Structure formats: C-alpha cells, structure tokens
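Residue numbers begin at 1 in each chain, while the letters A, B, ... track the order of the sequences. As the structure is a prediction and not an experimental result, all values here were calculated from the model.
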2 protein chains.
Amino acid sequence: MLSQIAPSDDLVFFRPHQFLARENERPEALYEILEGWACRHRLLSDGRRQITALYLPGDHCDAIWPLSDVCRDAVVTLTNVRAVRRPLGDIHTLDRPKGMGAQLAESIERQSGWLVSLGRKTAVERLAHLLLELFERMRRAGLAYGQQCALPLTQTDIADATGLTAVHVNRTLQSMRAKGVLEFHSKWLRIPDLGALRDLAALGPHDQV
Amino acid sequence: MLSQIAPSDDLVFFRPHQFLARENERPEALYEILEGWACRHRLLSDGRRQITALYLPGDHCDAIWPLSDVCRDAVVTLTNVRAVRRPLGDIHTLDRPKGMGAQLAESIERQSGWLVSLGRKTAVERLAHLLLELFERMRRAGLAYGQQCALPLTQTDIADATGLTAVHVNRTLQSMRAKGVLEFHSKWLRIPDLGALRDLAALGPHDQV
DNA sequence: GACGTTTGAAAACATATGTGAATCCGAGTT
DNA sequence: AACTCGGATTCACATATGTTTTCAAACGTC
C-alpha cells in the first residue's frame, strides 16, 4: 500500500490545524498520509469555509499538485497526522509514486460527486452520502471494523464539507440516529445497515463512493 | 490555439442535446470543441440534474478521460457543435494534444471553485461567479467583443449549473439586471462593469475565473 | 482536580430558496 | 396569419435550512 520511500523522503508529524500548504503559494512537497486526517479547503473573505476534499490514511495531499504551479486551496490537518513528505521537485522530474494516477482520477470523480451533492441533494442525502463515502474509504484502507470506523470530524467540519451549517448538521444527524440508520458519537461511526444508508444517499447503482 | 490534427482525427458535427459520452460507458474518443457549447452532467433517479462542467470552444471533452476507464458523468451538447474527434486509444499511447495538461489542471481548479459556489454562496454570488467565469473564458478564447459575449444557455441550464431552480435564477437575474450589473437577453451577455460583478461574486483577489 | 476551551445539543425565530401553476413571448413552421 | 413549442416571466404559497443564543458535556492543560 505504502509507496516506496526515496532517500529525499521524510517522515513528518503534524498537530491538528497545521498547514500542509497555503493558498496561493507554490507547493513544495507532496505528503502521503500514514495516520490521521487532513482536508483541502477554501475560505471566503467573510469567513465562510468550504472543504473541497478530505484526506484519509493512504491518500496523497494533494495528488493534483504535480499539475499545477500554485495551490488554490489550503491543505490543513484535522487531527494529529503522521505522513511521508516528498519534495515536489522529484515528483515533476522523477517517477510519480505508484498508484497516484489512479488516486488522482478517483479524487476528480469524487469531486463531481460532491458537486451533485452540494448542488442538488437535501441535508439527509448529503450526510448519508458523505458518511457512506468516508466509511467505504476507511474500509478500503483496512481501517474499518465490521460496520464501524473512526470518524474524527467535528460537526462543524462535516458542515463545511456538506455546505450546511453546524446547527443543521446536528439536527439532521439526530433525526438519522432516531431512525436508526446510523450511530455516531465520540468520533466513532457505526452503520447498522449499509443498504439503508445508501438508499438515503440518493446514489445511483453505479456510483462509487 | 487548435491542436495539431492527426490522420485518425475527424471533423464532426452535433445537434443540441446529443451525447458525446454516456454515463458508465467507456469513452472512446476525445473531442476538441471548435464551435458551440457542451456540458458534463449527472442525473439523480428522480430527475434532479447537476451540471458538473461547461465546455466552450477550444475546450477538450473531457480532458479527464485519459485518466479513467469509465465515464461517471454524461457529456451532452447544448448547442450545435463542431468538433475534432480523436480516438482515445491514441491519447493513452501517443502524445496528448498540446496544452491538455494545463487544461486538465484548470478544469480541476475550476471544479473546486464550483464546490465553494454551490456549498457556500448565495444565489446572486453564484450567478455572478458563473457569468463572470464564462465571460472570461469566452474572452480568452477570442470570442468576446468588448464587454459582451454569446452565452447560449437557457435559464434551466444555468440553474442546473448553479444548483438553483430555474424560477429562482430568473428572479435573481431580474434583480441583477435592475441593479445594472449585467444585461442578458437572447443568449447574449453584456457586463457593463466587470469590477462590480466581480465584487458580487465574492471571489478572492487571487481567484482565477 | 480545577480551569478554560471546544464541541454537541436545543429552542425560537428569520429568510432564502423551492414548488406548482398560469401566462406570456418570440422563433419557426405550415 | 394561425399554430406550435420551448423558454421566460410572474404570482402565491410552502418549507428546508440558516441565525442567534443558551446551556451542558467533553476534553485538554496546567
């Protein structure tokens, strides 16, 4: 799973809310997350915030960089993070880490899915979609246990990812809990019935999460 | 501007609402639009529709394909379209059309901008953002005349791109017209004051449109 | 173990945007 | 000129979601 380590690579640690990249600066390194979560986001001048991607263990922050000269979005850790740091010069000139092309494609497709979610889905559908996606990604990373996984996001983070307010995320999660389609407390998610949640997410039969 | 034409390339024509690619099928060709507009979109089972990208003259539909085996989104023409068709086999094995890497990067960044728009912006901000973006792209393609350009979208198309309803798009455009920040009728857009519209769009100083 | 800070929960209220239906208008077509 | 037909417009009304505030529980830190 982990890409090969080159001599110039470094094992690095971050605390929550540290920047891996700042808006409108040239990215100088690519990080492969080993442990912890991070996100890509943009801020509007009045403080409104939209998370544009979430990074879980195994993900590259940001796979898109090798294509671009300047970061449009900032990348920030959400938890403690342990990662491999690869200077970007190498990325441009040398081989890319294995599997990064696939990860780039996945990340782009996921972004389309988020566009549909933010543009056309209700609060319940957005939350079902996001939580399902995160659970599936954790499962593929080998970090799910049965129907449960860690989910170290605050309700504010979830709101900023789904385009809702924290208050409404709280309301909606409550009602979903009441209906028994999910359990979520102290950063731990349990999905009793994957199929039921999938229906709530308004996903097509072919939609990858 | 136009990429080089190879022997296997074809000049092709489409009428409005024809498919360049269908959901969940393998794309077999890449199209470079010479004239006309197209879009990428997804449909939910109940008919809700979200446009995930717009293609103007000079754009490749879809620059993302070479990365991916299956189309997640359908690509549909919005007007009459004249395009160059390039079989995708060539794309994978041969050189990519010049400038496509840059176009891919641009397209990905634009998608982040749309996420912010759909997730966090008001109707006025979304419309200002979209119209500004389209005007700028038309200008860069050499298709703007002074402060005007063609904009062959219906209000329903605009609604499906901005995540609003057609009725609300209409309402909001009216109010913007009344304020004098734009003129838009019979598929023709005029922006008297770029700066004013940019302010309305809630774009940061560095945001590319 | 006490403190301050962050997060989750709740309630009352405000509003931007959606819904459904009718009408109007302009461009083609016969 | 009379007919269509898709799109634009308008209206009255509904509601999902946002706003503001308050409080309590959980958490990290010294």
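- For E23(A), the salt bridge (Lys or Arg N to Asp or Glu O under 4.0 Å) test picks out no residue, with sequence neighbours left out.
- Atom CG of D160(A) and atom CZ of R42(A) lie 14.5 Å apart (nearest 0.5 Å).
- Put simply, the side chain of R48(A) gets close to the backbone of R120(B): a donor and an acceptor are under 3.5 Å apart.
- Nucleotides of DNA chain C lying under 4.0 Å from heavy atoms of chain A occupy a range whose first and last members, 5' to 3', are dT7(C) to dA12(C).
- Checking T122(A), L132(A), T172(A), L197(A) one by one against L127(A), the side chain to side chain contact (heavy atoms under 4.5 Å, CB included) holds for a single residue, T172(A).
- Between atom CD of residue E136(B) and atom CG of residue L56(B) there is a gap of 12.0 Å, rounded to the nearest 0.5 Å.
- Taking 4.5 Å as the limit, every side-chain heavy atom of E133(A) sits out of range of all side-chain heavy atoms of L54(A).
- You'll find the side chain of L200(A) reaches within 4.5 Å of the side chain of M176(A), heavy atoms only.
- T122(B) comes within 4.0 angstrom of the backbone, heavy atoms only, and of no base.
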**OP:** Indicate for each nucleotide in nucleotides 5-10 of chain D, in 5' to 3' sequence, whether protein heavy atoms under 4.0 Å reach the base (B), only the sugar-phosphate (S), or nothing (-).
**Re:** --SSBB
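- Remark: aromatic rings of F14(A) and Y31(A) are close, center separation under 6.0 Å.
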